[in-house]
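Only one structure is covered here, and it is reproduced in the block below.
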Amino acid sequence: MECFHREKGDITLKRLREPLCILLLVFFLQSCAGWVKNRDYHPFDAAKLDKLTVGKSTVAEVTDMLGAPSTIVKLSNGNAYIYRRSLSKGTGLWLLILIFGNYEKRYDQVVIFFDKKNIMTHYGVTLDAHKAAYGLP
Amino acid sequence: MVLPSMHTRQPMDSRKLFFFVMYSIIVGSLMTGCLSYRVIKAVEGRSVPNTFAEFSVGTTTLQEALQTLGAPDQVAELEGKDVLIYRQSLLTNKGLSFGIPFSEIWGQSFDFSAYGELVRYDMVVLSFTPDGILSEIASEKGSHYPYLKTMLSEMQ
């Protein structure tokens, strides 16, 4: 009896193989995927920050080394120069009736604080852009 | 017990196969136009580290904060204090749509859709005196809120 059930199952599977293959083919023919990559690029080299000295380096030295900042913010006791660039990666997947999308944007940022005499007082660095990744939600 | 006839596999004849392929393509095409479910997620910025919990008002300096958390996403001056903002935004968009596009033939059509978009923020705001001493900390962990519960909540 057990043998009969197994045989019956095998035959059902064999019969279904062809239609299933066709359905699978149709499923993939109706599907598509896409990738996108966007870069907001500013060519500053964060490694050059090691050559700058807190309490000594001036605005002129910083801009000579890193170039023009993306933004300048006026603060209570001076200014902050912000250097920023970003990398975004997106993935789209259409599977017949299912649509998946994923988008990730990460930044490289350097923020340098200057006092009123234009001397560098602090700085912060975040290099995270390379962590942007393709993926599914 | 095994019946001999059950061993023989009967492949689809070419006529049946043709109709099956055509039927599958037509149904597949109609389904893509009529029914869809989408999930879209977008993340901007890095996750805000929890290390700010070790900061204490009145003692933590600007230099310590920058060393621990890195460069802030936003810097501003607010009422004589310097504010650093660390932020990650998480967007979730989900939608379910079902419709039968009969409008060209019938003049009427059925369309049932439900869409929702939720943007949550993980954020830390640090406020410093002009001397560079931490004077205030504010934080929010928006990513902890579940999508559906937050969307259906009556709270503004």
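Residue numbers begin at 1 in each chain, while the letters A, B, ... track the order of the sequences.
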> Out of curiosity, does B:Met123 fall in the hydrophobic cluster containing B:Tyr145 (side-chain heavy atoms, cut-off under 4.5 Å, transitive links)?
Replying inline: no
>> Heavy-atom cut-off 4.5 Å, strictly under: side chain, backbone, both or neither for A:Ile82 against chain B?
In response: side chain
> Measuring heavy-atom distances to chain A, does B:Ala65 have an atom under 4.5 Å in its side chain, in its backbone, in both, or in neither?
Replying inline: neither
Please tabulate, for side-chain N and O atoms in residues 128-135 of chain B, each donor-acceptor pair with protein atoms closer than 3.5 Å (sequence neighbours left out).
residue, atom, partner, partner atom, Å
B:Thr129, OG1, B:Asp131, N, 3.4
B:Thr129, OG1, B:Ile133, N, 3.2
B:Thr129, OG1, B:Ile133, O, 3.4
B:Ser135, OG, B:Ser127, O, 3.1

> Between B:Leu84 and chain A, which part of the residue has a heavy atom less than 4.5 Å away: side chain, backbone, both or neither?
Replying inline: side chain
> For chain B, which residues from residues 56-74 of chain A have at least one heavy atom closer than 4.5 Å to it?
Replying inline: A:Val73, A:Lys74
> Among residues 34-47 of chain A, which ones touch chain B with a heavy-atom distance under 4.5 Å?
Replying inline: none
> Among residues 99-119 of chain A, which ones touch chain B with a heavy-atom distance under 4.5 Å?
Replying inline: A:Ile99, A:Phe100, A:Gly101, A:Asn102, A:Tyr103, A:Glu104, A:Lys105, A:Arg106, A:Tyr107, A:Gln109, A:Val110, A:Val111, A:Phe113
> If you round to the nearest 0.5 Å, how far is OG1 of A:Thr91 from NZ of B:Lys41?
Replying inline: 13.5 Å
> At what distance, to the nearest 0.5 angstrom, does CZ of A:Arg84 lie from CD of B:Gln74?
Replying inline: 8.0 Å
> Shortest non-hydrogen contact from B:Leu35 to A:Ile97?
Replying inline: O-CG2, 3.1 Å
>> With a 4.5 angstrom heavy-atom cut-off, is it the side chain or the backbone of A:Thr121 that approaches chain B, or both, or neither?
In response: backbone
> How long is the gap from OH on A:Tyr123 to CD on B:Gln63, to the nearest 0.5 Å?
Replying inline: 7.5 Å
> What distance do B:Leu66 atom CG and A:His122 atom NE2 have between them, rounded to the nearest 0.5 Å?
Replying inline: 7.0 Å
> If you group Ile, Leu, Val, Met, Phe, Trp and Tyr by side-chain heavy-atom gaps below 4.5 Å, do A:Leu98 and B:Phe112 land in one group?
Replying inline: yes
> Any donor-acceptor pair under 3.5 Å linking the side chain of A:Ser76 with the backbone of B:Asp82?
Replying inline: no
